[in-house]
Amino acid sequence: MSMSLVAPHMAAAAFLGEDAPADQEHQSVTWEELGLDSRIGKAALRMGLAEPNMVQRESIPLALAGKDILCRAKTGSGKTAAYVMPAIQRVLNAKERDPNYTGVKALLLVPTRELLEQVFQYCRHLTLHCAQNVHVVQLSSDLSPASQKALLAECPDIIVSTPRVVSHLESGVLSIKESLETLVIDEADLILSFGYSEDVRTLLTFTPQIFQVVLMSATLTPDVVQLKQLLLRNAVIIKLEESELHNRQLSQFFVHAEEDEKFLLLYFILKMQLVPGKSIIFVNSIDKCYRLRLFLERFGIRACALNGALPHNSRYHVVQEFNKGTYSCIIATDGAASHFEDAAPGGKKAGKKSSRQGASSGSKTESYGVSRGIDFRDATLVVNFDMADTFVQHTHRVGRTARGNKKGTAITMVSVGEEAQRLEDFQREAKMELTGLTAHSTRRTKRQYKREQALERALLAPASEAGAGSSAEATADGDAAAEAQPRRLVDLDNMEDIMRPLRFDMATVNSFRYRVQDVLRSVTKACVREARLQEIRQELLTSERLRAHFEDNPLDQDALRHDKPLGVSALQHVGRSLRNVPEYLLPTSASVVANGAISTGSMFARDDRAPFDPKRKNKGRRGNKRAGKASKSASSKKRNPLKSFKA
Ligand SMILES: Nc1ncnc2c1ncn2[C@@H]1O[C@H](COP(=O)(O)OP(=O)(O)OP(=O)(O)O)[C@@H](O)[C@H]1O
């Protein structure tokens with residue numbers, strides 16, 4: 001695929017979400033035309049995947065041809081199907097050649113347990129019509145080692161796992177030496193930072209001489225280069241054109257607000273349903289997660305918390321409930337890698353110290369389990385209540401909306417000072433990405449800049465140069481990198497920003513200020529602590545692992561059940577007055593476009609538009625009332641022949 005510079009006006013059109021999705025320009029093909037069995041195609045249709053999209057059209061034929069692939073495509077672009085389908089097809093091919101064939105054909109590795117479950121379910125759905133021929137298992141750390149062994153004894157064709165699968169290879173329970181055809185690593189840029197470096201290296205000692213490797217990632221980082229050098233041979237690099245890379249379905253806005261103001265604006269956005277549908281709010285601390293939840297609940301907005309302190313089962317449950325529509329709002333934190341690590345089958349925690357201490361050891365900013373790869377269905381709005389630490393993190397957060405061929409909106413709240421500086425950095429990085437330059441740090445020197453370009457070249461080296469180790473010098477050797485010349489000159493300063501300002505009409509918003517401040521005051525630290533304790537109690541009561549203990553010690557369970565929270569009394573009587581917005585506070589028109597893009601209409605006053613005038617609003621209302629009366633009387637006259645009768 002070629003790479004071309006996107007003109008600034010194109011970026012703007014993309015931002016506004018007014019352009020038709022680029023994918024509509026292609027000639028449509030069927031799943032079967034890509035070389036897939038009709039049973040896979042049928043299952044895909046059942047899943048709502050009517051036809052292959054761009055990333056699938058590009059990668060599936062190459063994967064079926066056995067090529068090593070490095071695929072970089074935007075969040076939510078359908079990378080899962082792009083690697084799961086060929087893996088299934090390869091099993092079907094093998095079974096067609098020899099119906100008695102057994103052996104693991106594909107190993108699908110992911111960095112987190114949430115993804116593991118998600119990918120497994122994806123496989124199950126796609127094998128709906130060929131389940132007898134294709135046996136897929138997931139090796140979740142929730143399963144005991146004995147259960148995992150039992151699954152492996154069933155002779156699976158495809159295994160979905162974290163790289164911890166290596167322990168089964170080491171113990172001899174699993175062998176892939178003779179059978180493995182495809183190794184896939186999804187969210188490739190996370191695998192190393194999550195401490196799986198040693199596991200991946202060890203895994204290679206158990207693989208056959210020749211097998212295919214597929215790396216999938218939405219963002220390019222030095223870790224991906226490292227994996228590429230370690231695993232890929234003569235790889236095909238699939239990188240969507242910049243116009244494709246930019247998410248045209250996503251409208252991004254930012255709004256300047258200080259902490260208390262953020263609560264006010266969030267209340268306004270959600271209560272007025274400025275963007276109809278389901279929303280995900282990102283914050284940077286677990287306490288804030290609960291504070292916000294209590295705050296919203298006080299106004300009758302039901303939200304659930306999703307953070308690394310919750311056990312895996314609960315996190316998975318929360319996502320499922322959101323996807324089913326039970327909750328329409330999730331408040332999520334996405335830091336703390338340790339909470340998302342998988343545990344080794346024997347109960348050993350992931351992330352051996354040695355590998356964690358390596359160059360890419362997981363720091364807070366490198367790890368974003370919740371925002372990575374999870375397919376939150378039909379989320380129309382992402383709000384960054386706290387800004388992401390890095391641009392990569394931001395990209396993955398906002399990528400939880402506008403997935404598949406849906407549209408979505410992201411609003412980033414920015415306080416003055418450090419966050420405002422970060423916003424500038426993000427804008428720059430977004431433009432660099434759009435113009436084909438890779439960005440990895442928020443602030444860069446000229447030397448760093450050149451190094452990044454070398455990194456970009458290393459990643460996008462043509463197939464002949466892309467063999468293992470061939471481009472190692474470009475990134476590892478600082479001098480070689482410093483000599484790199486810019487590939488193209490781009491005037492970033494004159495390009496339109498990717499995130500556009502969103503100015504609220506504060507006269508309207510301010511009418512809610514007192515009630516918001518009141519509620520905010522009532523959500524004390526003690527309330528937050530109680531809410532967290534309550535959650536822990538709930539987790540303990542529903543814990544699978546504690547079930548046997550509670551059966552033997554029912555008094556413990558009773559004690560937990562009746563251990564009433566102390567500090568939530570202030571929040572217990574949520575008044576109806578707070579749940580409902582009084583009519584006199586309601587703005588006349590909450591103009592929101594149905595496809596998830598906030599309109600530039602009357603609710604918001606954007607920089608380039610006349611501010612919303614509350615007086616006009618009232619006039620309008622009175623006017624409407626009068627007009628209403630007039631039209632009512634006119635129509636009733638019309639309807640009532642006695643009244644309209646003139647002698
Ligand atoms: N061909 C298609 N047509 C319509 N929807 C699709 C298609 N392929 C995938 N989708 C939908 O798009 C959504 C995102 O897919 P997926 O999770 O595979 O994206 P991803 O590229 O892996 O995202 P991320 O980078 O965030 O991990 C899913 O809900 C999926 O069902």
Side-chain angles (χ1 to χ4, degrees), residues 21-24 26 28-34 36 40-60 69-87 108-112 114-126 160 184-191 214-221 224 238-240 244-245 247 249-250 278 280 319-320 322-324 332 334 340 368-380 382 392-408 410 433:
D23 213 20
Q24 286 177 7
H26 74 274
S28 77
V29 286
T30 63
W31 296 107
E32 289 77 7
E33 280 167 337
L34 290 185
L36 295 167
I40 303 176
K42 222 166 113 189
L45 290 183
R46 213 184 138 96
M47 288 169 71
L49 317 182
E51 58 172 277
N53 64 19
M54 168 160 282
V55 66
Q56 293 149 359
R57 285 197 307 276
E58 292 299 329
S59 55
I60 289 174
I69 295 172
L70 167 58
C71 175
R72 185 227 185 154
K74 71 179 168 68
T75 51
S77 57
K79 295 187 285 295
T80 316
Y83 68 77
V84 168
M85 286 179 171
L108 313 182
L109 302 186
V110 295
T112 66
E114 279 85 353
L115 265 181
L116 197 148
E117 181 69 39
Q118 188 174 295
V119 172
F120 174 66
Q121 292 304 336
Y122 219 91
C123 292
R124 278 190 41 183
H125 286 121
L126 280 172
V160 187
V184 177
I185 301 189
D186 195 3
E187 304 290 336
D189 57 329
L190 275 195
I191 287 288
V214 177
L215 300 184
M216 291 283 179
S217 182
T219 38
L220 297 182
T221 66
V224 181
I238 299 177
K239 179 175 183 270
L240 300 188
E244 301 301 335
L245 189 66
N247 194 340
Q249 297 142 242
L250 175 67
K278 299 194 278 184
I280 304 169
V319 176
Q320 292 309 304
F322 181 82
N323 285 347
K324 274 195 277 175
D334 54 351
F340 298 96
Y368 353 94
V370 171
S371 58
R372 292 300 292 253
I374 302 299
D375 193 27
F376 293 98
R377 298 268 160 79
D378 303 325
T380 49
V382 166
V392 170
Q393 187 181 13
H394 174 85
T395 304
H396 286 278
R397 278 181 175 190
V398 298
R400 295 315 99 200
T401 183
R403 297 178 70 75
N405 42 24
K406 308 258 168 55
K407 292 196 173 189
E433 187 159 81

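This structure is a prediction, so every number in the text was calculated from the model and none was measured. Keep in mind that the numbers below use all heavy atoms, side chains included, and drop hydrogens, waters and symmetry copies. We count ligands from 1, going down the list as the structure has it; atoms in each ligand are counted the same way.
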Proximity of D375 to ligand 1 by residue part, where a heavy atom lies under 4.0 Å: side chain
Close N or O approach (G404, ligand 1; < 3.5 Å): yes
Among A402, A218, G76, S77, closest by any non-hydrogen atom to atom 24 (P) of ligand 1: G76
N/O donor-acceptor pair under 3.5 Å between W31 side chain and M85 backbone: no
Flag, side chain of N53 to backbone of S77, donor-acceptor distance under 3.5 Å: yes
Result of checking R397, R400, H396 against D334 for side-chain hydrogen bond (donor to acceptor under 3.5 Å, both in side chains): R397
Distance, nearest 0.5 Å, that separates NZ of K74 from CD of Q249: 4.5 Å
Close side-chain approach of F120 to V110, heavy-atom, < 4.5 Å: no
Heavy-atom pair with the smallest gap, counting every atom of I60 and A81: CD1-O, 4.4 Å
Which segment of Q56 sits under 4.0 Å of ligand 1 when only heavy atoms are counted: side chain
Heavy-atom check, side chain of D186 versus side chain of L108, under 4.5 Å: no
Distance, nearest 0.5 Å, that separates CZ of R57 from CE of M54: 5.0 Å
Under-4.0 Å heavy-atom contact with ligand 1, by part of H396 that carries it: neither
Contacting atoms of ligand 1, where contact means under 4.0 angstrom from a heavy atom of R400: 26 (O)
Any N/O pair N405/ligand 1 closer than 3.5 Å: no
Per atom 25 (O) of ligand 1, closest listed option by heavy atom (R403, K79, K406): K79
Residue and atom name of the nearest protein heavy atom (relative to atom 30 (C) of ligand 1), distance in Å to one decimal: Y122 OH, 3.7 Å
Those atoms of ligand 1 less than 4.0 Å from some heavy atom in R377: 29 (O)
Any donor-acceptor N/O pair, K79 side chain to R72 backbone, under 3.5 Å: no
Taking atom 10 (N) of ligand 1 as the reference point, the nearest protein heavy atom with its distance: L49 CD2, 3.6 Å
Among T75, D186, T80, closest by any non-hydrogen atom to atom 22 (O) of ligand 1: T80
Of the listed options E51, K74, R57, M47, closest to atom 3 (N) of ligand 1 (non-hydrogen atoms): E51
Best match, H125, Q118, E187, M85: closest heavy atom to atom 27 (O) of ligand 1: E187
Test item: E114 side-chain N/O and I374 main-chain N/O as donor-acceptor pair under 3.5 Å: no
Option with minimal heavy-atom separation from atom 19 (O) of ligand 1, where the choices are G78, A82, G399: G78
